[in-house]
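Atoms within each ligand, like the ligands themselves, are counted from 1 in listed order. Nothing here was measured: the structure is a model prediction, and the numbers come from that model.
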Amino acid sequence: TTNRTLTMIKPDAVEKGYIGAILTDIIAAGFTIKAMKFTQLTRRDAEQFYAVHKGKPFFESLLNFMTRGPIVAAILEKDNAVANFRELLGSTNPENAAEGTLRKKYATSVTENAVHGSDSDENAAIESHFHFSEREIF
Ligand code: CMP
């Protein structure tokens, strides 16, 4: 069934000029954009968004990375969106990411991994409402 996921083009990929290429790949893979914005996370935003990772050894570097520059946040729609988008993303660690995946093509490291995708339908809904109000979703 058709449903939605939340993606972010992360600061590393924005800095490298990959916004257009990544959006082209996402659209070519059959996703429809339902909402999109160019924004920057505050430290408070990032702490809230990544609350599940609080206490992990990489939490501090994750916050520094995700707040260091602007990102593109978007809601994407497709059949089985969460699983399909994670397949397009590839492994968290780009060294393990399959050929043709976004992280294989655009990521540099496990932290600077270019693109986010929600890991469940429940988190997709939570993360979508974190970034967008109802009137920003089409
Ligand atoms: P993502 O899966 O989008 O959301 C959680 C992020 O935490 C993940 O991308 C990485 O950027 C980061 N992360 C996860 N595991 C590690 C790790 N072992 N070392 C460093 N960063 C990590």
Side-chain angles (χ1 to χ4, degrees):
T1 63
T2 300
N3 52 20
R4 294 177 180 185
T5 191
L6 184 283
T7 188
M8 294 184 290
I9 301 176
K10 298 187 183 187
D12 60 325
V14 173
E15 287 160 8
K16 289 174 175 164
Y18 291 153
I19 293 174
I22 291 170
L23 290 175
T24 297
D25 286 359
I26 289 171
I27 292 163
F31 292 89
T32 303
I33 295 170
K34 309 304 287 187
M36 186 161 66
K37 69 172 66 166
F38 193 51
T39 185
Q40 183 164 358
L41 297 178
T42 65
R43 191 183 163 85
R44 211 161 144 263
D45 291 333
E47 282 175 347
Q48 186 186 336
F49 192 91
Y50 288 111
V52 12
H53 295 299
K54 194 169 179 171
K56 294 193 184 156
F58 59 82
F59 188 64
E60 200 55 41
S61 56
L62 178 61
L63 296 188
N64 288 334
F65 165 55
M66 284 302 298
T67 59
R68 83 175 183 214
I71 62 165
V72 174
I75 298 174
L76 306 175
E77 188 170 87
K78 194 189 179 189
D79 279 3
N80 200 11
V82 167
N84 266 309
F85 192 71
R86 288 180 77 81
E87 199 176 317
L88 179 64
L89 263 184
S91 296
T92 303
N93 186 341
E95 284 177 26
N96 305 324
E99 214 55 55
T101 61
L102 296 178
R103 283 172 174 163
K104 180 72 178 187
K105 293 170 77 172
Y106 306 112
T108 30
S109 72
V110 69
T111 298
E112 304 206 1
N113 62 9
V115 189
H116 170 85
S118 307
D119 66 4
S120 67
D121 287 347
E122 188 192 1
N123 283 334
I126 292 168
E127 293 172 358
S128 293
H129 290 115
F130 177 89
H131 282 293
F132 299 100
S133 66
E134 284 309 323
R135 60 184 287 188
E136 294 175 306
I137 303 171
F138 301 94

Task: L6/F130 under side-chain contact (heavy atoms from CB on, under 4.5 Å): CA gap, chis, key distance, verdict - done: CA-CA 10 Å; L6 184 283; F130 177 89; over 6 Å; no
TODO: Indicate yes or no for a side-chain donor-acceptor contact from R103 to the backbone of N93 under 3.5 Å, with no hydrogens or angles considered.
DONE: no
- [ ] Using distance alone, determine whether L62 and ligand 1 share an N or O pair under 3.5 Å.
- [x] no
Task: Enclosure of E87 CD (heavy-atom neighbours >12, cutoff 6.0 Å) - done: no
Open item on the list: With the threshold set at under 4.0 angstrom, would you say R86 reaches ligand 1 through any of its heavy atoms?
Closed with: no
Open item on the list: Is it the case that over 12 heavy atoms from other parts of the model lie below 6.0 angstrom from the NZ atom of K56?
Closed with: yes
TODO: Answer with yes or no whether Y50 contacts ligand 1, where contact means a heavy atom under 4.0 Å from a ligand atom.
DONE: yes
TODO: Look at atom 18 (N) of ligand 1 and say which protein heavy atom is nearest, naming residue and atom and giving the distance to 0.1 Å.
DONE: F58 CD2, 3.9 Å
Task: Step-by-step side-chain contact (heavy atoms from CB on, under 4.5 Å) determination, L88 to I26 - done: CA-CA 8 Å; L88 179 64; I26 289 171; 4.2 Å; yes
- [ ] Would you please indicate yes or no on a ring centroid separation below 6.0 angstrom for H116 and F49?
- [x] yes
Task: contact_flag E112 ligand 1 heavy-atom lt 4.0 Å - done: no
Open item on the list: Side chain or backbone, does H53 bring an N or O within less than 3.5 Å of an N or O on ligand 1?
Closed with: no
Task: ligand 1 contact on K10 by region, counting heavy-atom pairs under 4.0 Å - done: side chain
TODO: Can you pull out the closest protein heavy atom to atom 20 (C) of ligand 1? Residue, atom name and distance to 0.1 Å, please.
DONE: T111 OG1, 3.2 Å
TODO: Distance to 0.1 Å, residue and atom name: give those for the protein heavy atom nearest to atom 19 (N) of ligand 1.
DONE: V110 CG1, 3.6 Å
- [ ] Please report the shortest heavy-atom distance between F59 and Y50, naming the atom on each side.
- [x] CE1-O, 3.4 Å
- [ ] Kindly confirm or rule out an N or O of N113 lying under 3.5 angstrom from an N or O of ligand 1.
- [x] yes
